[in-house]
Amino acid sequence: MPTSPTGLGTGTENRAAAEAEAALAGHPGVARASVTREPGTGRLVARVVPRDPVAEDGDDRKRVDEWQLIYEWVYGELPESGGLGENFVGWHSTYTGLPIELAQMREWRDATVERIRTLRPRRVLEIGVGTGLLMAKLAPSCEEYVATDFSATVIETLTGQVAADPALADVTLHHREADDFSGLPENHFDTVVINSVVQYFPDIGYLADVLRQAAALVVPGGAVFVGDVRNLRLLRAFRAAVLADELAAAPEAARELVETSVLEEKELLVDPDFFPALAATLPGIAAADVRLKRARHHNELSRHRYDAVLRKAPAETVEPTHTLAWDPAALETLLSDVRPPSARITGVPNGRVARELAALAKLDTGTAPAAVTAPDPEDLHEIGRRRGYQAAVTWSADGPGLVDVVYAPDGEPVTVPAGTGTPGLPFTAYANAPSRAAKTSTFVAELRAYLAARLPAESVPHAFDTVESLPEGTGHADR
């Protein structure tokens, strides 16, 4: 059924949303509910405030303990894939279940190391050191390198490796969890590194607390580097791509399979707008700089993850003097002929995720979207390099398949402040909640069955989101 140009739907479709909203309000477990039609896709999306909290005291602790057990096994039982700095044990593709190719993992590591080096690290705290992939490359050129991990096994292994390498004489290792900062000096480190760890945090509140404490340890002009963060905006596209074979085998249940997979996601995914929102609440933080990962290989690390830097004042930031909507010819003229001090290019199609998002759009609407030319983000860097500019590629506010690029003169690394996003949102709006994934999935399955027994199929929402509250004047309250 076609939707209106505004994305709000026809009268019949609006009635479907109203019917679902009213029916949800009658469920004994629902305190309040709102059902709207998603612009663009036409999906019915229900936002539900449960009468009883889905999460319980201790859920966060259980989630941390579960990941700790998993990684004690990974580090203790799986064979090492290389020596210090080359041990990529446990890095498997979600698409295939197979180990990610060594060349791709080395590209990922080297790009991360290079990004951190632009921060000029000398006194470093790394939270979640793992097998030492970054430490082995960064520590030899640092005055001090303190590394922590919640795995006793990995700290024991690294202790022996560090002792055997004179280049790592300034490394200190601690067995502790990410939120344990006891005994660490404030205003001491110039760089805190938290790489490929955030996805194992139980919720966004835990992440915010860790970053607050980390920022307090950083000297003026220093930085907190948060790497390899999974992008919440792309979760549905990612899960649809992972489930592609199952969706093809059961097309009638495809949407529900994807939504269930999203609800059952056990890792923490974070919207890029969280970082500038958090930065605005942290004393002394001048900017949040959010960027896509550098990579030529296309895999889940380069498509669906990003890096964020919280930069402590004082920090030189770039505020673009020119803004241009994506147009390859106009960009050529701007950088070659006009040569502005800096420029922001908005709405650039992201070639890394274009295929997955097109498949998701077809699943949602039944129609394949029109093909567009989508450059690889690395090509955007190359365009700038050839004309004497460095590029910072970040996510666009205009859609999950778009990026913005800021060009600044080549030379010293720059900080590019991320956009502020929507003001006033609670941090919970920027992430999923893996610590309550199983309970949420069960609750949503119950709601879906409840509605299916009372409403026509077209009135049953395609997606459900459990929230703590809804804005006044929206939705139906329980009766």
Side-chain angles (χ1 to χ4, degrees), residues 38 40-41 91 93-95 100 108 111-112 115 194-201 203-204 207-208 211 225-243 258-259 261-279 288-295 297-310 346-361 374 376-378 380 392-405 416 418-422 425 427-434 437 463 465:
E38 187 176 71
T41 68
W91 287 89
S93 168
T94 310
Y95 297 113
I100 299 174
W108 167 89
T112 305
R115 178 75 176 105
I194 308 173
N195 189 67
S196 205
V197 173
V198 166
Q199 63 266 34
Y200 307 121
F201 289 177
D203 60 29
I204 196 70
L207 171 59
L211 295 180
F225 173 85
V226 191
D228 225 32
V229 184
R230 292 186 61 190
N231 190 345
L232 181 67
R233 299 178 191 175
L234 292 168
L235 177 55
R236 291 186 69 246
F238 178 57
R239 295 311 308 171
V242 170
L243 295 171
V258 171
E259 301 306 337
S261 178
V262 167
L263 285 171
E264 293 177 347
E265 174 60 58
K266 294 181 179 179
E267 294 185 0
L268 182 67
L269 286 86
V270 183
D271 189 292
D273 283 349
F274 165 73
F275 290 94
L278 175 69
D289 186 340
V290 178
R291 304 192 190 185
L292 275 67
K293 300 189 75 66
R294 298 293 304 270
H297 290 102
H298 287 197
N299 51 44
E300 64 191 271
L301 305 179
S302 61
R303 291 182 185 125
H304 295 281
R305 303 192 184 196
Y306 63 93
D307 300 330
V309 173
L310 300 176
T346 62
V348 186
N350 180 354
R352 292 179 184 168
V353 298
R355 181 177 298 179
E356 291 185 3
L357 285 169
L360 180 65
D376 187 302
E378 283 301 304
L380 303 173
V393 185
T394 189
W395 304 101
S396 171
D398 296 328
L402 302 175
V403 299
D404 291 351
V405 191
V416 180
T420 56
T422 305
L425 288 180
F427 287 162
T428 52
Y430 295 106
N432 63 329
D465 184 19

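Fair warning: this is a prediction, and the values are worked out from it, not measured in the lab.
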Can you tell whether the side chains of E259 and R239 come within less than 4.0 Å, N to carboxylate O? no
Working to the nearest 0.5 angstrom, can you tell me the gap between N231 CG and R303 CZ? 14.0 Å
Is D404 reaching over with its side chain to a backbone N or O of G347, donor-acceptor style, under 3.5 angstrom? yes
Of all heavy-atom pairs linking A277 and Y430, the shortest is CB-OH, 3.7 Å
Looking at CG of D376 and NE2 of H297, how far apart are the two atoms once the value is rounded to the nearest 0.5 Å? 11.5 Å
Evaluate the criterion side-chain contact (heavy atoms from CB on, under 4.5 Å) for residue pair Y200 and E267; output intermediate values, then yes/no. CA-CA 6 Å; Y200 307 121; E267 294 185 0; 3.8 Å; yes
Has the side chain of R352 got a donor or acceptor atom that lies under 3.5 Å from a matching backbone atom of S302? yes
May I ask you to decide whether D307 forms a salt bridge with R294, counting only side-chain N to carboxylate O separations under 4.0 Å? no
Validation row: R230, L235 side chains within 4.5 angstrom (heavy atoms): yes
dist L269:CG -> F238:CZ (nearest 0.5 Å) comes out at 8.5 Å
Does any non-hydrogen side-chain atom of N350 lie less than 4.5 Å from one of V393? no
Main chain of V416, side chain of D289: is a donor-acceptor contact present, judged purely on distance under 3.5 Å? yes
Please check this pair: side chain of E265 against backbone of N432, looking for a donor-acceptor N/O pair closer than 3.5 Å. no
Is there a side-chain contact between I100 and W108 (heavy atoms, below 4.5 Å)? no
Minimum heavy-atom separation for K266 to P434, with atom names? O-CB, 3.3 Å
Hey, does D273 have a side-chain heavy atom less than 4.5 Å from the side chain of L425? no
Nearest-0.5 Å distance, CG of residue L402 to CG of residue L357: 9.0 Å
Are the side chains of D271 and W395 in touch, meaning some heavy atoms are under 4.5 Å apart? no
Measure up the F427 and F274 rings against each other and bin them: parallel (under 30°), tilted (30 to 60°), perpendicular (over 60°). perpendicular
Check ion pair D228-R305 (N to O, under 4.0 angstrom): yes
